[in-house]
Amino acid sequence: MEKDALSREPRLEARRPRSSKRVWPVLAVLVLAALYLSTEVAFLRLDPRKSQVQVPLHAAETLAKCRSLNLKPAPPVSFSSRLQSDRYEPGTKPVLIRNASIWTGLDGGKDVVRGDILLEQGLTKAVGNVDSLVNYADVAEIDAKGAWVTPGIVDVHSHIAVGSSPSLRGANDGNSMKGLALPWLRSLDGLNTHDDSYAHSIAGGVTSSLILPGSADAIGGQAFAIKLRSTTERSPSSLLVDPPYGLNGSQVDFDTPPRWRHMKHACGENPSRSYSGTRMDTVWSYRQAYEHARQIKNKQDEYCSRAVAGEWNGLDDFPEDLQWEALVDILRGKVKVQTHCYEAVDLDAFVRLSNEFQFPVAAFHHAHEAYLVPDVLKRAYEHPPAVAIFAAFSRYKREGYRHSEFAPRILNDDGLKVVMKSDHPAIQSRWLLHEAQQAHYYGLPENAALASVTTNAAEVLGLEHRLGFIKGGYDAGKLKYLVIWDSHPLALGATPLQVFIDGIPQLETPFTGKKDESQAAPITPNFDEEAKAAVQYAGLPPLEATHITSGGVLFRNVSSMWRRDESGVHSVFQTKGAEDEGIVLVENGDIVCAGSMSSCGAFVDGGVHVVNLEGGSIAPALVSSGSAIGLQEIAMEASTSDGAVLDPLEGSLPSVLGEGSIIHAVDGLMFETRDALLAYRAGVSTSVTAPISEGLLAGLATHFSLGAKHQLEREAVLQDVTAVHVAIQHSGGASVSTQIAALRRLLLGPHVGERGTWFEAVTNGKLPLVVNVKNADIIATLLKLKQEVEAASGTPMQMTLVGAAEAHLVAAELAAANVDVIVTPPRSFPFTWEGRRILQGPPVTEQSLITTLFSQGVTVGIGHQGVEESAQLTGWSARNLRWDAAWASIDSQGLISMSDALTMATTNVEKLLGVTRKAFDCDMVATRGGELLSFEGKVVAVTSPRRKTVDLF
Ligand SMILES: *[C@@H]1O[C@H](CO)[C@@H](O)[C@H](O)[C@H]1NC(C)=O
Ligand SMILES: *[C@@H]1O[C@H](CO)[C@@H](O)[C@H](O)[C@H]1NC(C)=O
Ligand SMILES: *[C@@H]1O[C@H](CO)[C@@H](O)[C@H](O)[C@H]1NC(C)=O
């Protein structure tokens, strides 16, 4: 852009005999240049002996440009004294938030101000005590009643709008496949304005995001920070936060410090996959690109030193190249280098690159192995990069296999800056705060956990003068991005009461009926030993439990106990206070006594193993469903996975399978996968898993123990076949009506082969049909098909829906048809067009999908929250079922009790998916320090009457 401006400048032609007329412009330029130049630049010389020196007309501008080359990004000098935000929308009322607990982000995240916040003209005018409002006629007052206020959540890694939600082919602008190094591309140019994610993210308190190109390329292009609110202009440009000057070709003021730019890089698997290359190719493409940029930079520096010395002769155009100028800016320290890099090999290579070409790295994103190589990061040029990571999302590919949930606290302890990020829509940005909450649960201190999605994130973007802090008065930072929370932001299910962007409230009629009296952060367990082991074993610490197979185990100081029966989960006892000690005695995995020391004491003999739960709980073990857990280790490594079944609607099946074949998940089970063992250690003791399938007919699901070693162990497989699983979806393959036609035939017959036998059982109501479906129209069709089948067979058929994003639209009809639902994900997101009509839940809608179904009398089970659509990518999230269930209760404003939530994650899942075992012999989970469905309890044991063990962790 600058180049275009310069090349249009008229120039004096060299070697032309000079007429007197031409002397004046030269002198004028000289005088101008002298005025322009700052003192440190040498005065232009005109060597009398070399009267040939031709000073070009643009000399002054060129010299200014030369001076600007090494200006570092900074806010303009006037930034801190402005009286109105540049983003102020006329007509926005001043807002006074009274009596808030204000987490300011200052003092390393330890500063809390109890008081008021005054927002005016898009700025924070005061923080603390606002006594007088004499000058304010029309102020909107909010009584926060002591609620927490934080800076708006900042997401440093998002693909909002360069893709779209719902996902559509017409808005797939995140990755160019036109080369490995494409630093000239800009995410802004692909930023669609119709992504449902904007509003969705705001509902989670996210106010700004860095929109990165994808990771298909080694250098994928420039990223841009945006705020998420809609603007009156409705353009992508109007969303930008501090965009680099001159984006639209307007003349840059060379004396103003520039604004930060951002460049996406990606290491490892992704660019290798996109270009059928290797890590070696990717790193060479970086070096080649940076070498090219370095040559341009050197030419510029040489040019400028000659220009400054007045040696204009032979100086042609300023050496620039629009394709490479952004990389030159990196070498000049004007760009935040944002790099997707997972493994030690990649981190090491990129740190070498940063030293070879001498540029700092703002952050490594993903960085699943950063906690194993902190010294490598500390060797990076100029300063250690921040690490922008996930809490638990991992093992989907080899690069993330050694992920540790303790990475945030380990890195923080090592003095590295920790940022939690979403990679939206991988993890949905709306739940970014939940990433910080999980990091906190696993040991990241409170101040660092809050900083990880606010102040640290703002610093990684170079936007700490605008975002990430709350500062009042005429202080440097004037924040107008903030969130009022209904509970402590690190408490499970914390929901915005209001979100301000540019001082403008974003939630029209926020629904939150929940009241958290304590407003305190959860007191999380101690994981020091586990964190140490994660490093010691390079990310693969042993996960096997200690099995107690003989003698009793006495759980002391048990505050609460829950038990299952056929109707669900019920409270057995709640102790009254610290003095009142609950006791649970287990023998051979069986609970033989529960109550007080006086009632159970007689059963206790000398040899018992004593476990103090320190006020914890005993509750039924949870049941996972809907993921590929037990059928794979690493989703994206075919050699570690059972693989997908063949779809009978897509070509004929191999003849060796014979007519009417059907696949049994139990035949492909693999035990002791890390997802399974980690879920087990999080109180999920069994899973119902169907064969991995992308088509109509998945096959027969199975119910098995996540803590077992192999299939032949006692009670490793609890039920070979639980139900027939199918999916009806807009897949882009066979039409929905074709899929329905096939399903109708499968149900009504003729019943061929083994498949026919199982479908006949479904038709006769002996086995549930589990249908993976999102769309309300398809659900309606399924309800009609059910009627048709029942009319033909004369028997009620059992049908369960899984997913069912749009089921709230037909909730009453589902209840009437006796069709129940495993809600997956429990917090809806419009991933696809067919599932776009979601209920967002509080604070946007009063009802969620779960509360709507529940209040209509539909039996609800809770599936996995997971990632995008694929069951294959969700095994890691089984361990979070305890929190997803708790959250369903918290979000329900009193409708769904904790025992209802436990029921939804245990008996209901089993009942809806065809598990026929009896409730009395189920596994139980012991948690220390708090409840299973909380951020305070730590799972320390699973007792299993069927496997006759107590497994201690
Ligand atoms: C602030 O709110 C808390 C909680 O509702 C209340 O106890 C306290 O009295 C309030 N303080 C003021 C100054 O209103
Ligand atoms: C270009 O952007 C600048 C702000 O960077 C703005 O002041 C100017 O009006 C814009 N020009 C046009 C033609 O849009
Ligand atoms: C139970 O544990 C809690 C939490 O450690 C403690 O405060 C309480 O005193 C304990 N109660 C008994 C009876 O030991």
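Just so you know, ligand 1 is whichever comes first in the structure, and atom 1 is the first atom listed for that ligand.
Side-chain polar atoms of Trp148 and Ser487 form no donor-acceptor pair below 3.5 angstrom. With hydrogens and angles left out, the side-chain atoms of Ser237 and Ser235 include no donor and acceptor closer than 3.5 Å.
Close approach to Asn557 involves these atoms of ligand 3, each under 4.0 Å from a residue heavy atom: 1 (C), 2 (O), 3 (C), 8 (C), 10 (C), 11 (N), 12 (C), 14 (O). Of all the atoms in ligand 3, the ones that sit under 4.0 Å from a non-hydrogen atom of Gly615 are 1 (C), 2 (O).
Considering backbone and side-chain atoms together, Glu581 places no N or O closer than 3.5 Å to any N or O of ligand 3. Residue-to-ligand polar distances keep Tyr245 apart from ligand 2: every N/O pair is separated by 3.5 Å or more.
If you look at Phe500 and Tyr481, their ring centroids are not closer than 6.0 Å.
Within a 4.0 Å radius of atom 12 (C) of ligand 2, the protein has at least one heavy atom. Of the protein's heavy atoms, none falls inside 4.0 Å of atom 9 (O) of ligand 2. Put simply, atom 5 (O) of ligand 2 has no protein non-hydrogen atoms near it, under 4.0 Å away.
Ion pairing between a basic and an acidic side chain is recognised when a charged N comes within 4.0 Å of a carboxylate O; Lys938 and Glu530 show such pairing. A salt bridge links Asp528 with Arg409: the closest approach of a Lys/Arg side-chain nitrogen to an acidic carboxylate oxygen falls below 4.0 angstrom. The residues Arg259 and Asp242 are annotated as salt-bridged, a charged nitrogen and a carboxylate oxygen being separated by less than 4.0 angstrom. Ion pairing of Arg332 with Glu325 is absent here, as no side-chain N (NZ or NE/NH1/NH2) approaches a carboxylate O to less than 4.0 Å.
In terms of protein heavy-atom proximity, atom 1 (C) of ligand 2 is nearest to Asn248 ND2, 1.5 Å. The protein atom (non-hydrogen) at minimum distance from atom 2 (O) of ligand 1 is Asn99 ND2, 2.3 Å.
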